Structures are given as C-alpha cells and as structure tokens.
Enquirer: 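Just dropping this structure here.
Being a predicted model, the structure only gives us computed values, none of them experimental.
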Amino acid sequence: MVDLKANPYYLSDEDCKWVEETIASMTPEEKVGQLFFQLTSSQEEEYLKELMEKYHLGGCRYNPMPGKKVQEQNRILQKYAKVPVFIACNTEAGGDGACADGTPIGAGVKIAATDNEDYAYALGKMSNAEAAAIGCNMAFAPVCDIAYNWQNTEIITRAFGNDPERVAKMSAAYLNGAHENEGFACAAKHFPGNGQDFRDAHLSNNVNYFDVDEWDATYGMVYKTLIDNGLDAIMGGHIMMPKYAKAINPELKDEDMMPATLSPEIMTTLLRDRLGFNGMVVTDASHMVGMTDRMKRAEMLPLSINAGCDMFLFFNDPDEDFETMLNAYKDGVISEERMTEALTRILGLKAHMGLNKKAKEEIVPAPENVDEVLGSEEFKEMHKAICRDSLTLVKYKDKDVLPVVPERYKRIMIVHVKAAESGMGALMKMMGMGGGKNPAERLKETLCEKGFDAFVYESPLDQMKKQIEAGEKPSINLYFAGKNAIADFVKDMDLVITLCDVPSGRPSFGLSKGGGEIPWYVFEVPVVVVGCGQPTMLADIPQARTYINTYDSKDTTFDALVDALMRGEDAFKGNDPIDSFCGLFDARL
C-alpha cells in the first residue's frame with residue numbers, strides 16, 4: 001500500500017484525510033478521469049471546460065505557445081477542475097519547454113559538457129520558475145537516460161551524457177533546483193532507461209539489454225539516487241528489459257515480453273518492491289509504437305494500470321479510451337484495490353504540492369507575474385555562461401588552425417549540412433514554427449560583425465533547384481562533369497566552416513559528386529567542422545581535422561563559438577560528455 005507519510009509525500013493527517021475523503025466521494029467516472037493525462041488541442045474555454053467536466057482529467061499537457069496564453073489556459077483548466085489538475089511541461093532544456101517565450105538554458109548533453117552540477121541545478125530551478133509563473137506545476141524531467149549508443153537519436157542530446165555517475169549527479173541537481181519552486185513536481189524519465197537501442201520508441205521497439213547487475217549499477221543507481229532525493233514521479237518508458245524481466249519471472253517467454261509500461265515485473269516488482277519507489281508513475285505517450293505494437297489498444301489501457309502505472313498519457317479518441325478504462329474498472333479488470341492505490345498516489349502528490357489547500361483562483365499565479373519572471377536577465381546570463389563553458393573542441397589534429405581571426409582567414413565559406421527533413425519538421429514548417437534565418441545565415445552575420453568576409457556555400461543541387469524554380473532546364477552537369485581544378489575551388493576562401501545542423505537522424509549531403517557539402521578538401525584548405533545539433537557528426541565526417549560541438553544553434557551559442565574561435569584552443573572549456581568519436585577507429589585519425 002501507499003505510505004502518504006513517507007517519501008515523497010510527507011503528508012499531514014489533515015492532508016491524508018483529504019486524499020481518503022476525496023477518493024471516497026468520487027463517482028466511477030471521476031476516478032477513471034484521474035488516471036488520464038490529455039494533450040489539449042484548443043484553448044477555447046468551452047473545450048477546456050468539457051475536458052474537466054466530462055473527462056475529469058487528472059493531468060494536462062499542451063502544445064507550445066506564448067506564456068500568457070498558456071497561463072490563461074491553465075487558469076481555465078483549474079477553474080473547472082473538481083480536483084486540482086497536474087499541468088505538465090517539458091522543461092528538460094529550459095523555460096522554452098514551457099512556453100514559446102521561455103528562456104533556453106541548455107539540453108542535457110550541453111549541461112554535461114560543462115561538467116558543472118551547478119548548471120544542472122540552475123536548469124531545474126530557472127526553467128521551472130518560468131513554468132510555475134504560467135501555472136504549470138509538473139516537469140516531465142529530468143531526463144535520466146544514459147547515452148551508451150551514439151546511434152540513439154531519441155535521447156543523445158537530451159541525456160546528461162554516457163557516464164552513470166554524472167547522469168545521477170546532474171539529474172539530482174536538476175531535481176533539487178526544480179524543488180526550489182514551491183509546489184512544483186518532477187517526473188523523471190524514461191524508466192527503466194533509454195540509450196542502448198539505436199531505435200526510437202516513437203517509431204519502433206526499444207530495448208535495454210542490461211542484466212540485473214549491470215542495470216543495478218547504472219540506471220538503477222541513477223533512479224535510486226533520485227528516489228532518495230525526493231523524486232515526486234516517474235515517467236515509464238516503452239522500453240523492454242528482457243534479461244531483468246526474466247530474472248524476476250523465469251517463466252516469462254520471449255513472445256510475452258512487454259515494454260516497461262505494460263510489464264508488472266518492471267513497473268511493480270523492480271520499481272516498487274526493489275527500488276522502493278512510493279511516488280506516482282505516468283506512462284510515456286500512448287501513441288508511441290514501442291507501446292502500441294504489442295496488443296489491441298482496448299487491452300493496453302487497463303494493462304498499463306495493472307502493470308503498475310498510475311496515470312496514462314494521452315487519449316487516442318477521448319470517448320473511446322475513457323469508455324475502455326471505465327468498463328475495465330466496472331468489470332473488475334482494474335480492481336478496486338488497484339484503483340484506490342493509483343488514486344492515492346495521484347491525489348497524494350497533489351496534496352504534497354499543496355494544490356488541495358488553494359482556492360481555484362489562487363492555483364495559477366496572477367498575470368502580472370509572467371512579465372516579472374519570463375525572460376529574466378538572470379536566466380539569460382545563465383544561458384550565456386553555459387553556452388560559453390560547454391563549447392567542446394573534440395578533435396584538433398592541425399594545431400595551427402586556431403585562432404580564427406580576420407588577419408589570418410579573411411574569407412570564410414560556411415557549408416550548411418542539414419538532416420533529411422522529417423515529418424515533424426515538415427509539420428512545424430506548415431505551422432509557421434522554426435522560421436527566421438537558418439543557422440548558416442546567422443553564423444555568417446556573426447562572423448561578418450567581427451570583420452570576416454563570410455559567405456554561405458551554394459551547392460550544385462541548390463543551383464539546380466533555382467533553375468527549376470525559374471522555369472529553366474536544370475544542368476545535371478553541375479554535379480557530374482562540373483568539377484574544377486583544386487586551385488580554382490580554394491582560391492575564393494581562406495577557411496571553411498562545415499556547419500552540421502542535424503537535430504536528429506543522419507546528415508543529408510545530397511549527391512556526392514562535384515559539390516563541396518562533404519569536406520573532401522580537408523588537406524587543401526583549413527576546415528573547421530561544427531556540430532550544432534547531434535554531437536555525433538564525426539561518424540559521417542571522420543576526415544575532419546578540427547571538430548567542435550556546440551550542441552545547439554542558438555544565437556547566444558554562436559556568439560560564444562565565434563568568440564572562442566577568435567581566442568584559440570584554450571577558450572574551449574567543454575569536456576566531451578559522450579564518445580563523440582562514436583567508437584570508430586577512423587574518426588580519430
């Protein structure tokens with residue numbers, strides 16, 4: 001049973017009574033509603049009112065929008081909630097995970113590159129101060145995964161690197177920082193631990209292959225550290241753990257192996273019994289293939305609760321999913337005991353956060369608080385410091401390339417290497433998100449402000465696209481027969497910056513012949529390769545002689561990058577938080 005007097009709740013007798021009496025007064029529909037987190041799709045009051053009064057939601061998430069709009073949405077949600085609602089945000093890298101005008105601080109890998117726990121603490125404190133100011137009360141963070149596999153694009157930039165000890169320390173520091181905000185909770189993710197499989201659980205299965213001893217010493221140590229530090233909640237990942245599950249249940253067959261969110265061996269025996277976690281558990285998003293490919297959805301919903309998860313993240317069809325869970329409860333598939341246990345954890349956490357003691361109109365801060373907190377100069381200065389201290393000179397074979405100053409390298413060509421466009425990227429474009437100057441143009445402007453004559457390389461493929469747009473027949477020879485003498489190719493540049501703008505997946509170089517996207521010319525002209533997305537670009541450009549990771553392409557990051565390039569090798573303070581050589585022999589040559 002749940003101990004509401006113990007970690008992480010520490011409830012008074014009065015609060016325990018509120019939990020018990022609230023559960024006792026609930027209708028079956030109200031009980032089932034508390035099991036669901038839903039992603040809001042509109043900010044219209046009638047729609048939000050229906051979510052609360054028809055579905056009795058226990059929690060909400062939302063899509064990005066300006067802070068004041070989020071705050072008004074949250075005020076409406078709490079207004080119509082019979083039981084105060086969790087309102088969660090993804091502040092794993094900054095306040096911009098809570099609202100569009102929040103402050104970026106730094107993703108996990110960037111924080112890890114500084115090797116400074118104080119920055120992880122600041123990330124937790126500052127990100128969630130902005131979240132709290134707009135009425136959010138829970139972070140789906142910190143990310144406690146361990147980046148063992150460089151090909152895992154799901155968490156390679158989000159995790160605090162590949163060292164379990166560092167992940168534990170920085171995750172705990174984030175948690176402590178977040179808890180500086182009164183009544184704010186954290187749901188660490190993705191239990192039992194992502195980072196080994198190269199596959200993305202949004203699109204496929206995901207497996208953690210560690211055995212009992214290996215897991216206990218790594219991921220288990222990370223989660224035990226957080227649990228001992230008062231972790232409020234855990235997000236279960238759709239991650240199979242076959243060796244550990246079979247150690248718990250030797251009769252478990254391969255074909256019956258489930259992701260953690262559907263596995264009582266992992267969510268109950270391991271998490272509750274062995275690790276002693278007393279807090280609340282929510283599933284990761286229920287549309288991810290790592291969860292949905294194991295059975296019918298009607299079976300999946302109640303199984304997630306019976307496996308040990310207390311809350312289910314996102315409806316598919318609201319009426320259908322709600323009815324499925326309600327019927328499972330009424331028919332006894334979800335027992336009264338299990339329902340009461342889940343509700344006790346959900347309401348116990350809400351009482352721990354003080355939500356039960358506030359009037360509805362007091363739960364969300366006053367509108368004027370938004371302007372006081374969002375975009376704080378203190379937060380911006382922290383972001384600048386992290387950008388400066390995280391810059392990592394991973395590979396430096398030609399020791400005379402740096403510093404990069406106009407007197408040495410007046411003419412700089414910037415080659416913009418991108419990833420193949422994903423479906424999400426296309427959607428963001430259609431929604432008008434991610435507009436403005438691309439990273440290569442921004443870097444060019446920053447360099448020109450410092451006295452360089454910088455320009456962005458136009459590939460033969462881009463030239464052919466322009467010809468097509470102008471109604472002209474494209475010249476295929478630009479690629480296949482249009483090669484120049486080396487002297488002609490390098491005469492207009494003193495240095496090349498290959499800017500790898502690859503947030504996920506692998507770089508897309510276009511065609512391989514006749515262009516300059518791939519730096520085949522590293523011995524012909526000085527080349528600095530910069531990874532401003534995933535920090536694993538040496539796998540695809542192993543010939544790089546000078547390779548730097550900035551971890552993102554924010555304006556502040558590029559300001560810090562150009563300053564460091566001009567000051568030289570000693571200006572790069574970052575420590576590689578993963579193996580940026582990707583375990584490849586040739587990447588080190």
Enquirer: Tell me whether Thr40 contacts the main-chain N or O of Gln38 through its side chain, where contact means a donor paired with an acceptor under 3.5 Å.
Expert: no
Enquirer: Measure from the side-chain N and O atoms of Lys69 to the backbone N and O of Pro64, and report whether any donor-acceptor pair falls under 3.5 Å.
Expert: no
Enquirer: Which one of Glu377, Glu130, Lys380, His383 satisfies the side-chain hydrogen bond (donor to acceptor under 3.5 Å, both in side chains) criterion with Thr103?
Expert: Glu130
Enquirer: Pairing donors with acceptors under 3.5 angstrom, does anything connect the side chains of Tyr174 and Asn128?
Expert: yes
Enquirer: Under 6.0 Å from the CD atom of Glu361, do we count more than 12 heavy atoms belonging to anything else shown?
Expert: yes
Enquirer: Looking only at heavy atoms, which two atoms of Met353 and Asn137 are closest? And how far apart?
Expert: CE-O, 3.1 Å
Enquirer: What I want to check is whether the side chains of His190 and Asp145 have a donor and an acceptor closer together than 3.5 Å.
Expert: yes
Enquirer: Write down the atom of Gly97, the atom of Cys89, and the distance for their closest heavy-atom approach.
Expert: O-CB, 3.8 Å
Enquirer: Please determine which of Ile578, Leu538, Ile548 meets the side chain to side chain contact (heavy atoms under 4.5 Å, CB included) test together with Val394.
Expert: Leu538
Enquirer: Looking at Tyr551 and Pro577, what are the two nearest heavy atoms and their distance?
Expert: OH-CD, 3.4 Å
Enquirer: So which pairs with a foot in residues 109-146 pass ring pair (Phe, Tyr, Trp, His ring centres under 6.0 Å), sequence neighbours left out?
Expert: Phe37-Phe140
Enquirer: About how many Å separate CZ of Arg506 and SG of Cys500, when rounded to the nearest 0.5 Å?
Expert: 12.0 Å
Enquirer: Looking at Lys554 and Asp96, is there a salt bridge between them, counting it only when a charged N and a carboxylate O are closer than 4.0 Å?
Expert: yes
Enquirer: Starting from the C-alpha separation in whole Å, work towards a yes-or-no answer on side-chain contact (heavy atoms from CB on, under 4.5 Å) for Val417 and Asp501.
Expert: CA-CA 6 Å; Val417 176; Asp501 174 24; over 6 Å; no
Enquirer: List the atom of Met291, the atom of Ser304, and the distance in Å for their closest heavy-atom pair.
Expert: CE-CB, 3.9 Å
Enquirer: For the residue pair Gln73 and Lys68, confirm or rule out a side-chain donor-acceptor distance under 3.5 Å.
Expert: no
Enquirer: Assess whether a salt bridge exists between Asp3 and Lys5, defined as any Lys/Arg side-chain N lying under 4.0 Å from an Asp/Glu carboxylate O.
Expert: no
Enquirer: Could you grab the distance from atom OG1 of Thr225 to atom CD of Glu165, nearest 0.5 Å is fine?
Expert: 7.5 Å
Enquirer: Looking at Lys110 and Asp552, does any basic side-chain N land under 4.0 Å from a carboxylate oxygen?
Expert: yes
Enquirer: Strictly by modelled atom types, are Asn194 and Glu154 linked by a side-chain donor-acceptor pair under 3.5 Å?
Expert: yes
Enquirer: Supply the atom-to-atom distance Met288 CE to Leu313 CG, rounded to the nearest 0.5 angstrom.
Expert: 9.5 Å
Enquirer: Roughly how far apart are Cys136 SG and Asn74 CG, rounded to 0.5 Å?
Expert: 5.0 Å
Enquirer: Between Arg61 and Asp284, does any NZ, NE, NH1 or NH2 come within less than 4.0 Å of an OD or OE carboxylate oxygen?
Expert: no
Enquirer: Is the side chain of Thr557 donor-acceptor paired with the backbone N or O of Ser553 at a distance under 3.5 Å, no angle test?
Expert: no
Enquirer: Could you please spell out the steps behind the side-chain hydrogen bond (donor to acceptor under 3.5 Å, both in side chains) verdict for Asn316 and Ser286?
Expert: CA-CA 8 Å; Asn316 182 47; Ser286 67; over 6 Å; no
Enquirer: Is the side chain of Asp232 donor-acceptor paired with the backbone N or O of Ala185 at a distance under 3.5 Å, no angle test?
Expert: no
Enquirer: Check this for me, if you would: do Glu92 and Lys189 make a salt bridge, where the nitrogen-to-carboxylate-oxygen distance has to be below 4.0 angstrom?
Expert: yes
Enquirer: Using a strict cut-off of less than 4.0 Å between a Lys/Arg side-chain nitrogen and an Asp/Glu carboxylate oxygen, indicate whether Lys450 and Asp563 qualify as a salt bridge.
Expert: no
Enquirer: Report yes or no: do Gln196 and Asn208 form a side-chain donor-acceptor pair below 3.5 Å?
Expert: yes
Enquirer: For Glu445, does the CD atom sit with more than 12 other heavy atoms under 6.0 Å from it, leaving out its own atoms?
Expert: yes
Enquirer: Looking at CG of Asn7 and NE2 of His352, how far apart are the two atoms once the value is rounded to the nearest 0.5 Å?
Expert: 8.5 Å
Enquirer: Go through it in stages, so that I can follow the logic: the residues are Phe36 and Phe315, the test is ring-ring contact (aromatic ring centres under 6.0 Å, His included), and I'd like the CA-CA distance, side-chain angles, deciding distance and then a yes or no.
Expert: CA-CA 8 Å; Phe36 283 101; Phe315 290 132; 4.5 Å; yes
Enquirer: For residues 69-92, which residue pairs pass the ring pair (Phe, Tyr, Trp, His ring centres under 6.0 Å) check, not counting sequence neighbours?
Expert: none
Enquirer: Can you confirm whether the side chains of Asp15 and Asn356 place a donor and an acceptor under 3.5 Å from each other?
Expert: yes
Enquirer: Quick one: closest heavy-atom pair of Cys532 and Phe558, and the distance?
Expert: CB-CE2, 4.2 Å
Enquirer: Would you say Tyr47 and Ser41 are linked by a side-chain donor-acceptor pair, where the criterion is simply a distance under 3.5 Å?
Expert: yes
Enquirer: For Pro439, is there any backbone N or O sitting under 3.5 Å from a side-chain donor or acceptor partner on His416?
Expert: no
Enquirer: Please name all residues satisfying side-chain hydrogen bond (donor to acceptor under 3.5 Å, both in side chains) with Tyr148, sequence neighbours left out, ordered by chain then number.
Expert: none
Enquirer: Going by the angle between their ring planes, with limits at 30° and 60°, are Phe191 and Trp215 parallel, tilted or perpendicular?
Expert: perpendicular
